[in-house]
Protein chains: 2
Amino acid sequence: MSPPTPAPSATPRARPTIADVAAEAGVSKATVSRYFNHRERLLSPDIAARVEAAIAKLAYVPSPMAQALSHGRSRLIGLVVADVTNPYSVAVLRGAEKACQDAGYLVMLFNLGNDRERERAAIDALASYQVDGFILNTLGQGEGQADVNTLHGKPAVLVDRRHAGLAADFVSLDNQGAMREACAHLQQQGWQRLLYITQPLLGVSSRIERTEAFRALVSSKRSAVRGTVLELAAEQGDEVLDQALTDLLRQARPGERCAVVAGNSVVTLRVAAAVSRMGWTFGQQLGFVGFDDPEWASLIRPGLSAVAQPTDAIGQRAAQCLLERINGLEGPARESLLPGLLVVRGSSLWPAGAPDPG
Amino acid sequence: MSPPTPAPSATPRARPTIADVAAEAGVSKATVSRYFNHRERLLSPDIAARVEAAIAKLAYVPSPMAQALSHGRSRLIGLVVADVTNPYSVAVLRGAEKACQDAGYLVMLFNLGNDRERERAAIDALASYQVDGFILNTLGQGEGQADVNTLHGKPAVLVDRRHAGLAADFVSLDNQGAMREACAHLQQQGWQRLLYITQPLLGVSSRIERTEAFRALVSSKRSAVRGTVLELAAEQGDEVLDQALTDLLRQARPGERCAVVAGNSVVTLRVAAAVSRMGWTFGQQLGFVGFDDPEWASLIRPGLSAVAQPTDAIGQRAAQCLLERINGLEGPARESLLPGLLVVRGSSLWPAGAPDPG
DNA sequence: TTGTAAGCGTTATCAT
DNA sequence: ATGATAACGCTTACAA
């Protein structure tokens, strides 16, 4: 309907600015800005309509960077991950990213590559982009440890790992409940001698909590099972693990059956390799339940039982918490402990033909 | 040494700006800016020293957003991933992210969640943040397909998947070479009847290239092996796969041994599950080589042979290409095809005790 | 209700 | 070699 309006500038390719829209609509820049920010409160319908038409015609989109510079909000969320290679982190990331996108935020990712010294640098870099908040799944240890000051006054939510000096919202698997479920299931199936294998604690809260929960369970008066803990470092050779498993069986009392609880899928992988090396079969010589439920858990005969983490929900909850804080919610740090799901497969079942556990 | 200098402003917590540094050093803002941008060319040593001291004292860090607004560069790289859940994508992401960080760039991540319609929205969102370039690992299909216009004049590099309408640098596994190596190995080990299983092609270039390479190999005059292709969709039930495998063996000529080549680790997972269902053993009833080398490949007895992708190198090369373009490199689109690494495990070895393949 | 003008923190073009 | 000053695209007092 309207005649084509050749842009006055020589380069019509550049993104239109708020000034272009203002000119097109015959109003001031402020009015266009108000169209986006305070439309209902203070803008007459006819002017609003003209602005809207101009915006549509020029396909104008506000520049978040300019908005950030002026207004101080960037619609950006900084996500710091200890290790993108870790499937758990990625799964959480996915949930968080989705929730953020739905709320109109973009996620800036920073991967620590497991280098704890880079944590502070990561946060500073993100902060320099005026991110509105942080989602942190990091070590929380070492030189560059994050503290309240580092966050430049922006809210943060911690995922999976608490930080000593940081009173922020915290979202994680209910480690204690998950451990209780795993051990109760093993015990009920007749596995009485348990070995919990974890990566080195190194101050990582989730590892510590799982280990403590395990210790509490096996040392409780009412508990019928015995238990030991093994910290297994990546640098340690397979002999260490093989030896530990051999010892486990050797030290069992007559008739006492042994099972391993793995602290996460990294450990699960090593245990599965070890069992393969020994020529054992899960559910026979050795029972097994692992934290995390990797896609290949059902491929290891006769299927690895696992406590699946609600990773997507954790990510979404983290994003939700953060967005609430960004929107001004005050109050003390909150804690969301989400329940795990015990997936029972062959590795933890009492073998058919064996004497009944009851 | 120097006496404490109480900040004149009431809020000493705010990040220092270039103006603060200028005041502290007793110079103009322009001089401070020059200290960062054209230090060597035009700045006297003594002034430079004063500026440097002020910067150190105030712990000043330039604001990338303001720089982006003014100068047009954001030191940001937009990374669009079809699916963060895909370990391949993540591995590449990791390599790219590392290279970008080393070059002083930050990575903004956008996950499509395999929704091809969101590709355009992702690029627009990233572009609105003035990203200096794009790394794209996407579908390149559907409504929101990226084209040159979408990129807002910013350079892009394509990873793993070509786009029809996009003449950008391209980095990927050498699919043809990898397929040749996989098939040659199988043939040499005596597997003569091959079934290539791929996810539905759907216009994805890597899938198409692998499939075409396979077809060319098995139909070549000099080839001693026969071959078939199966497109297996996620929606299709396991019966389809089980039937295909059963047919494969049934249709083999007497003495002809059958093997599967899997197009990626998703397919590998399904094939491994199927073989487990049938009670077969890899390397016996069925030979196997898969594209991608997931961490659990060695756990499936007797070990799954695989063509490992140089994911880290692919990511780094992608970042390198992009940074070169950002720094002004002109010229036609380049192609980097990186070689895969054949990892031989039991699944593709001629079983001991079987008649010699030679 | 709408317009004017002063920032936000940089960089770049002028002068000097 | 250094200092004003005008952008960059937007928001928001303050005026009208």
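In what follows, chains are A, B, ... by sequence order, proteins preceding strands, each numbered from 1. Computation of the quantities below employed the complete heavy-atom set of this structure, encompassing side-chain atoms and omitting hydrogens, waters and symmetry-equivalent molecules.
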> Considering all heavy atoms of both residues, which atom of A/Tyr105 and which atom of A/Leu76 are nearest to each other, and what is their separation?
Replying inline: CD2-N, 3.8 Å
>> If we ignore hydrogens and angles and just use 3.5 Å, is the side chain of A/Asp169 paired with the main-chain N or O of A/Ala333 as donor and acceptor?
In response: no
> A/Thr31 or B/Gln130: which one's nearest nucleotide on DNA chain D is closer to the 5' end?
Replying inline: B/Gln130
> Do A/Ser89 and A/Asn137 have side-chain N/O donor and acceptor atoms under 3.5 Å apart?
Replying inline: yes
> To the nearest Å, how far apart are B/Leu58 CG and C/dG9 P?
Replying inline: 14 Å
> Less than 4.0 Å between a side-chain N and a carboxylate O, is that true for B/Asp132 and B/Arg75?
Replying inline: no
> Under a criterion of less than 4.0 angstrom to any heavy atom of chain B, what are the 5'-terminal and 3'-terminal contacting nucleotides of DNA chain D?
Replying inline: D/dA1 to D/dG9
> Run the side chain to side chain contact (heavy atoms under 4.5 Å, CB included) check on B/Asn111 and A/Arg94 step by step: do they pass?
Replying inline: CA-CA 8 Å; B/Asn111 172 40; A/Arg94 184 171 150 62; 3.3 Å; yes
> Does the A/Arg317 side chain pair with the main chain of A/Ser336, one donor and one acceptor, at a distance under 3.5 Å?
Replying inline: no
>> Between A/Asp46 and A/Arg50 (salt bridge meaning N to carboxylate O under 4.0 Å), is one present in this structure?
In response: no
> Taking the nucleotide of DNA chain D with the closest heavy atom to each, which residue, B/Leu69 or B/Asp46, is nearer the 5' end?
Replying inline: B/Asp46
> Looking at B/Ala54 and B/Ala25, what are the two nearest heavy atoms and their distance?
Replying inline: CB-CB, 3.8 Å
>> Please encode protein proximity along nucleotides 10-16 of chain C as a string of B, S and -, counting only heavy-atom distances under 4.0 Å.
In response: BBB----
> Is the distance between the ring centroids of A/Phe36 and A/Tyr60 less than 6.0 Å?
Replying inline: yes
> At how many degrees, to 10°, do the end axes of the helix from C/dT1-D/dA16 to C/dT16-D/dA1 meet when each uses five pairs?
Replying inline: 50°
> So does B/Lys57 pair up with B/Glu52, basic N to acidic O under 4.0 Å?
Replying inline: no
